[in-house]
Engineer: 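Supplied in structure tokens, the structure appears directly below.
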Amino acid sequence: MKKPALTNIRPKTEPVASSQSSPESFASAAEKASARVKAILENVGQIAIVDLVSSIIEEGHALRASDIHIEPRDGSVVVRLRVDGVLQDAFTLPHPILQEVISRIKVLSHLRTDEHQAAQDGRFRYLLEENNSPIDIRVSITPTYFGENAVLRLLADNATDFTLTMLGFSDEDQKKIQAAIKRPHGMILATGPTGSGKTTSLYTLVKQLNQKDVSIVTIEDPIEYAVPGITQIQVNQRSGLTFANGLRSILRQDPNIIMVGEIRDAETASIAVNTALTGHLLLSTLHTNDAATTLPRLLDMGVDAYLVASTVNVAIGQRLVRRICKHCKEPYTLTDAEQESLRESLPTRLRLPGHDLPEKFYHGKGCEHCDNTGYNGRIGINEVLVVGPEVRDAILRKASATTLRDIAVANGMTTMFEDGFNKAVEGKTTISELLRTINNE
């Protein structure tokens, strides 16, 4: 029996790729990976599911994707890749093989293959065929109307080698963060939506703090990167090991520094704040829109205002924007309509004297190194809110996030939008990418 055809529907002009391969290898790696997937279906006989799953992973890695989505539809299965933060279609698979593909992923992740009506999470390590180097893959499987949906997160194997400079933090923001992590106690919070680089920022700080004379313990869900020299604990809901319970246990482990993967509920927030108050440096993440919203969010979780004011050292807000491809970057003059639109978006303090915009910005015209998208990789745009005396007073008054932001800006905070604007002026990203990523108020 002839195998059903697998259709490559990845448009050449749509945004692709993130940060896992060198730019010069992109075009050849993408072509080679696509050929591997297609070749599996060219022979007569049954589809080799093991080879198919492996080749899809190889394809995702070669295209520098951060996530692989295997999504069942009515009559087909669409494989989509998230590259540089943008989802795009990659392949379609015949629907009859969906269950075999999902079963193969479950086997690799040590999940139950006989469970089809409940969500399951797992992970596995995959050895790349080209160089036999390992990549960690986090798996989430969820039942849907047309069958089980799988999302594979490809975890960057060089995450612990990042520096704050590489992550896009300005010199001034780095000084604020360095001052905060030198304090023996208090909280450092990274905030932003899912996929904004919060965990990578925390791991970068943990790596810097990882010295022989301190004890660092983390509790995560899941553990994304193994860091030598620190104790990492995996949340396990089935056994009752939650963030809150795990944090209580960690306090009996005599740590100096604690990293909590995420503050999700009032109980975890309360324990985290009290931990920071009793002589520990605590790093964690929160899902908020910006740094200023972090502080009222803790109040909403039931933490007393005086505790928030006493424990939070800095709140780091961040997003990821696509970086202009260095191989095809060129100057770009905004049209009159684009200039008018940008002027309306810019806060007054960002406008240059006379309200004139720079004459030139930059964009990528598209080349073989970026698959004609004009972008290659991503960079962070950030804001670092230092909780100084004026901000503490505002917290005690239970001031709004807008008031806290205004006070922080008056005391020297560079907002995410301003940081992104500066990066656009410097030619690191584009104005259109900045406006796409941040909804300016």
Engineer: Could you pull out the closest heavy-atom pair between Ser196 and Gln318, with the gap in Å?
Structural biologist: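 Looking at all heavy atoms of both residues, the closest pair is O-NE2, 3.1 Å.
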Engineer: Report the distance from atom CG of Leu247 to atom CD of Glu267, rounding to the nearest 0.5 Å.
Structural biologist: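 Separation between the atoms: 9.5 Å.
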Engineer: Can you pull the salt bridge (charged side-chain N to carboxylate O under 4.0 Å, His left out) pairs that have at least one residue in residues 144-155, sequence neighbours excluded?
Structural biologist: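 Matches after skipping sequence neighbours: Asp67-Arg153, Lys106-Glu148.
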Engineer: By side-chain contact (heavy atoms from CB on, under 4.5 Å), which residues pair with Asn236, not counting sequence neighbours?
Structural biologist: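 Applying side-chain contact (heavy atoms from CB on, under 4.5 Å) to Asn236 gives Arg238, Ser239, Leu241.
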Engineer: Please tell me whether Tyr225 and Tyr203 form a close aromatic pair, meaning their ring centres lie under 6.0 Å apart.
Structural biologist: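 Close enough - the centres of the two rings lie under 6.0 Å apart.
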Engineer: What is the distance from atom CD1 of Ile257 to atom CD1 of Ile181, rounded to the nearest 0.5 Å?
Structural biologist: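 Rounded to the nearest 0.5 Å, the CD1-CD1 separation comes out at 8.5 Å.
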Engineer: Any non-hydrogen side-chain atom of Met413 less than 4.5 Å from a side-chain atom of Val386?
Structural biologist: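 Met413 vs Val386: side chains apart.
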Engineer: How many angstroms lie between atom OG of Ser109 and atom CZ of Phe124, to the nearest 0.5 angstrom?
Structural biologist: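 Ser109 atom OG to Phe124 atom CZ measures 5.0 Å (nearest 0.5 Å).
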Engineer: Name the one of Ile188, Leu202, Thr285, Thr191 that satisfies side-chain contact (heavy atoms from CB on, under 4.5 Å) with Ile316?
Structural biologist: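 Single pass found, and it is Ile188.
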Engineer: Are Lys423 and Asp419 close enough for a salt bridge, meaning some N to O gap below 4.0 Å?
Structural biologist: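 A salt bridge links Lys423 with Asp419.
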Engineer: One pair to check against side-chain hydrogen bond (donor to acceptor under 3.5 Å, both in side chains): Gln120 and Glu115. What are the steps and the verdict?
Structural biologist: CA-CA 9 Å; Gln120 297 189 70; Glu115 176 59 74; over 6 Å; no
Engineer: Roughly how far apart are Ile324 CD1 and Lys428 NZ, rounded to 0.5 Å?
Structural biologist: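 Those atoms lie 11.0 Å apart.
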Engineer: Sequence neighbours left out, what passes side-chain contact (heavy atoms from CB on, under 4.5 Å) with Ser284? Give chain and number order.
Structural biologist: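 Counting only residues at least two positions away or on another chain, Ser284 forms a side-chain contact (heavy atoms from CB on, under 4.5 Å) with Leu189, Val260, Ile263, Leu282.
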Engineer: Rounded to the nearest 0.5 Å, what separation is found between the CG atom of Leu98 and the CD1 atom of Ile49?
Structural biologist: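 One finds 9.5 Å between CG of Leu98 and CD1 of Ile49.
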Engineer: If you measure from CG on Asp121 to CD on Gln237, what distance do you get to the nearest 0.5 Å?
Structural biologist: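 It comes to 10.0 Å.
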Engineer: Does the side chain of Thr165 pick up a donor-acceptor pair with the side chain of Gln174 at under 3.5 Å?
Structural biologist: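 A pair is found: one side chain offers a donor N or O, the other an acceptor, under 3.5 Å apart.
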